[in-house]
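Numbers here simply count residues along the sequence, with the first being 1. Everything numeric in this text was worked out from a predicted model, so none of it was measured.
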Amino acid sequence: MSGPRYDRSKRQDQHLIGFECQACGWVSFPEEKRTCKRCGDAPAEMAEVRLEERGEIQTFVVQQYLPDDIETPQPVAIVDLPQEGEGEPARAYGLLTETDLDEIDVGTEVVARFRELFSDGERPINSFKFSVPREEKA
């Protein structure tokens with residue numbers, strides 16, 4: 001019996017790379033789809049596109065009741081990440097970190113960061129998290 005897939009070896013697992021349907025322009029992130037979820041094109045012809053690290057919150061929820069070993073409150077959001085250049089944004093889901101709850105609202109700009117989500121005791125499990133951008137100290 002095999003365990004869950006912890007090996008994050010695909011480029012899109014560690015970089016902001018989406019896949020754009022050549023028939024309708026819909027962008028899939030982080031996985032390349034065989035069938036376009038918007039137009040139903042199958043097999044879909046998908047082209048790799050790079051995504052900006054800054055995006056905008058479309059909706060969010062603050063989770064208050066989680067298992068005891070998970071810190072609460074835990075805000076999570078759906079974020080639109082624009083393509084580098086022109087094109088439709090990709091929609092991503094992720095945790096909001098290093099952000100006060102009163103800073104979170106629909107339309108808030110956030111930055112995607114590649115961070116450790118948790119550790120299974122042997123290796124870290126990484127993915128993207130989002131935070132409100134901060135001024136760089138000089």
Side-chain angles (χ1 to χ4, degrees):
M1 181 191 236
S2 64
R5 183 180 84 94
Y6 288 131
D7 180 30
R8 304 290 300 242
S9 59
K10 295 180 183 176
R11 277 181 11 104
Q12 67 268 25
D13 288 340
Q14 297 182 18
H15 301 280
L16 290 170
I17 296 173
F19 299 92
E20 182 179 42
C21 174
Q22 298 302 285
C24 71
W26 176 77
V27 180
S28 171
F29 173 81
E31 300 161 348
E32 182 175 6
K33 303 292 184 188
R34 292 184 181 165
T35 301
C36 177
K37 287 188 174 185
R38 180 189 287 155
C39 70
D41 191 26
E45 183 179 332
M46 305 294 264
E48 189 176 286
V49 293
R50 295 207 43 97
L51 303 173
E52 299 283 347
E53 70 174 25
R54 289 181 183 249
E56 183 177 289
I57 294 176
Q58 298 303 303
T59 190
F60 69 97
V61 65
V62 179
Q63 298 177 13
Q64 299 285 356
Y65 303 102
L66 294 168
D68 291 339
D69 58 338
I70 299 177
E71 183 181 333
T72 59
Q74 187 173 86
V76 292
I78 294 177
V79 176
D80 275 359
L81 295 171
Q83 291 184 40
E84 290 183 354
E86 292 187 23
E88 290 194 34
R91 193 152 274 182
Y93 171 83
L95 296 170
L96 291 164
T97 62
E98 303 164 16
T99 301
D100 293 327
L101 295 179
D102 61 354
E103 295 178 295
I104 303 168
D105 204 353
V106 171
T108 300
E109 181 182 45
V110 291
V111 178
R113 302 281 188 227
F114 190 67
R115 300 274 169 80
E116 181 178 317
L117 288 179
F118 63 91
S119 174
D120 71 353
E122 296 179 22
R123 59 194 152 241
I125 309 305
N126 299 308
S127 188
F128 289 97
K129 294 183 180 182
F130 297 97
S131 62
V132 172
R134 304 284 181 218
E135 294 293 324
E136 296 292 326
K137 293 183 179 180

| Taking the side chain from Thr108 and the backbone from Val106, do they hold a donor-acceptor pair closer than 3.5 Å? | no
| request: May I ask you to decide if Val132's main-chain N or O and Thr99's side chain share a donor-acceptor pair within less than 3.5 Å? | output: yes
Which pair of non-hydrogen atoms, one from [X] and one from [Y], has the smallest distance, and what is that distance?
{"X": "Arg91", "Y": "Ile78", "answer": "CG-CG2, 3.2 Å"}
{"X": "Thr35", "Y": "Gly40", "answer": "CG2-O, 3.8 Å"}
{"X": "Pro30", "Y": "Phe19", "answer": "O-CE1, 3.6 Å"}
{"X": "Pro133", "Y": "Glu109", "answer": "CD-O, 3.2 Å"}

Does the side chain of [X] reach to within under 4.5 Å of the side chain of [Y], using non-hydrogen atoms?
{"X": "Leu16", "Y": "Glu52", "answer": "no"}
{"X": "Gln64", "Y": "Pro73", "answer": "yes"}
{"X": "Pro89", "Y": "Gln83", "answer": "no"}
{"X": "Phe29", "Y": "Glu20", "answer": "no"}
{"X": "Gln58", "Y": "Val79", "answer": "no"}
{"X": "Met46", "Y": "Ser28", "answer": "yes"}
{"X": "Thr72", "Y": "Gln63", "answer": "no"}

Return the [atom1] to [atom2] distance between [X] and [Y], rounded to the nearest 0.5 Å.
{"X": "Cys24", "Y": "Glu88", "atom1": "SG", "atom2": "CD", "answer": "7.0 Å"}
{"X": "Glu98", "Y": "Arg134", "atom1": "CD", "atom2": "CZ", "answer": "8.0 Å"}
{"X": "Ile104", "Y": "Ser131", "atom1": "CD1", "atom2": "OG", "answer": "10.5 Å"}
{"X": "Thr59", "Y": "Asp80", "atom1": "OG1", "atom2": "CG", "answer": "11.0 Å"}
{"X": "Leu101", "Y": "Gln74", "atom1": "CG", "atom2": "CD", "answer": "11.0 Å"}

| CA sep, side-chain torsions, deciding dist, call: Phe130, Leu81, side-chain contact (heavy atoms from CB on, under 4.5 Å) | CA-CA 11 Å; Phe130 297 97; Leu81 295 171; 4.1 Å; yes
| said: Please tell me whether Val61 and Ile70 are part of a single hydrophobic cluster in this structure, the criterion being side-chain heavy atoms less than 4.5 Å apart. | reply: no
| Any chain of hydrophobic side-chain contacts (each under 4.5 Å) joining Phe60 to Phe128? | yes
| message | Tell me if the CG atom of Asp68 is crowded by more than 12 foreign heavy atoms within 6.0 Å. | response | no
| message | Atom CD of residue position Glu103 - does it have more than 12 heavy atoms of other residues, nucleotides or ligands inside 6.0 Å? | response | yes
| task | Apply the test side-chain contact (heavy atoms from CB on, under 4.5 Å) to residues Ile17 and Arg50: give CA-CA distance (whole Å), side-chain angles for both, the deciding distance (0.1 Å), then the verdict. | result | CA-CA 5 Å; Ile17 296 173; Arg50 295 207 43 97; 3.9 Å; yes
